[in-house]
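First up is the structure itself, then whatever we jot down about it.
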Amino acid sequence: MEDKDKFPNGVTSYLETHFEVSSFIGSELSKYTTEYSKITEVSENQGTGGIYELVEDLTDEFEKIHKDNDWSEDEYFETIEEFLHTKLL
């Protein structure tokens, strides 16, 4: 796989998105809630390895959906938050 396929917006963008996805999931896991979510399902059924895969899958998906977007910082944070809420909660 070429870097352009894995990192359609560049490595820096990928790492920033990976951080935001990881932070969101970590924050949700730390709430110790019994409410059902995709996060709790993956955590209970697949453990930490499943969470790693979930973070990577969501990062890949977000980066591909938003390939070549040139947005402001506010737009980015609003968009990724909406994406994560839609996918996970």
Side-chain angles (χ1 to χ4, degrees):
M1 176 181 295
E2 290 186 34
D3 281 354
K4 193 93 172 136
D5 293 333
K6 182 67 177 178
F7 310 114
N9 302 308
V11 173
T12 299
S13 178
Y14 188 90
L15 292 174
E16 289 170 351
T17 299
H18 189 276
F19 173 80
E20 293 302 325
V21 173
S22 298
S23 294
F24 182 88
I25 289 175
S27 176
E28 289 299 314
L29 284 171
S30 72
K31 291 179 180 176
Y32 298 108
T33 180
T34 58
E35 289 182 34
Y36 169 81
S37 72
K38 179 71 173 171
I39 300 166
T40 55
E41 176 188 334
V42 170
S43 180
E44 289 174 3
N45 293 326
Q46 300 173 339
T48 303
I51 295 295
Y52 293 160
E53 291 174 9
L54 179 62
V55 170
E56 183 176 4
D57 291 346
L58 290 170
T59 301
D60 291 346
E61 182 178 351
F62 186 85
E63 286 289 297
K64 286 177 185 162
I65 290 170
H66 298 287
K67 184 177 186 229
D68 298 325
N69 273 21
D70 185 27
W71 45 23
S72 72
E73 191 172 300
D74 288 342
E75 288 175 310
Y76 172 78
F77 288 117
E78 289 171 9
T79 303
I80 196 162
E81 186 172 331
E82 181 179 318
F83 172 81
L84 293 170
H85 277 270
T86 301
K87 291 289 186 174
L88 298 172
L89 303 178

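Along the sequence shown, residues are numbered consecutively beginning with 1.
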- Message: Can you classify the ring geometry of H66 versus W71 as parallel (below 30°), tilted (30 to 60°) or perpendicular (above 60°)?
- Response: tilted
- Sorted by chain and residue number, the side chain to side chain donor-acceptor pair (under 3.5 Å) partners of Q46 (sequence neighbours excluded) come out as none
Got a second to check how far [X]'s [atom1] is from [Y]'s [atom2], nearest 0.5 Å?
X: T40; Y: K31; atom1: OG1; atom2: NZ; result: 12.0 Å
X: I80; Y: E20; atom1: CD1; atom2: CD; result: 5.5 Å
X: K64; Y: F7; atom1: NZ; atom2: CZ; result: 11.0 Å
X: S43; Y: K38; atom1: OG; atom2: NZ; result: 12.5 Å

- Output all residues satisfying side-chain contact (heavy atoms from CB on, under 4.5 Å) with S72, sequence neighbours left out; order by chain, then residue number. D74, E75
- Task: Applying side-chain contact (heavy atoms from CB on, under 4.5 Å), run through I25 and L88 and close with a yes or a no.
- Result: CA-CA 9 Å; I25 289 175; L88 298 172; 3.8 Å; yes
- Do L84 and I65 share a hydrophobic cluster (ILVMFWY, side-chain heavy atoms under 4.5 Å, transitive)? yes
- Check against side-chain contact (heavy atoms from CB on, under 4.5 Å), Y76 and T17: CA-CA 9 Å; Y76 172 78; T17 299; 3.0 Å; yes
- Is the CG atom of N45 crowded by more than 12 outside heavy atoms at less than 6.0 Å? yes
- Task: Among L58, L89, L29, find the one that has a side chain to side chain contact (heavy atoms under 4.5 Å, CB included) with F24.
- Result: L89
- Message: Give me each pair satisfying side chain to side chain donor-acceptor pair (under 3.5 Å) with a member in residues 53-62, each pair once, sequence neighbours excluded.
- Response: K6-E56, K6-D60, Y14-D60, E61-K87
- Query: Between L54 and V21, is any pair of side-chain heavy atoms under 4.5 Å apart?
  - Reply: no
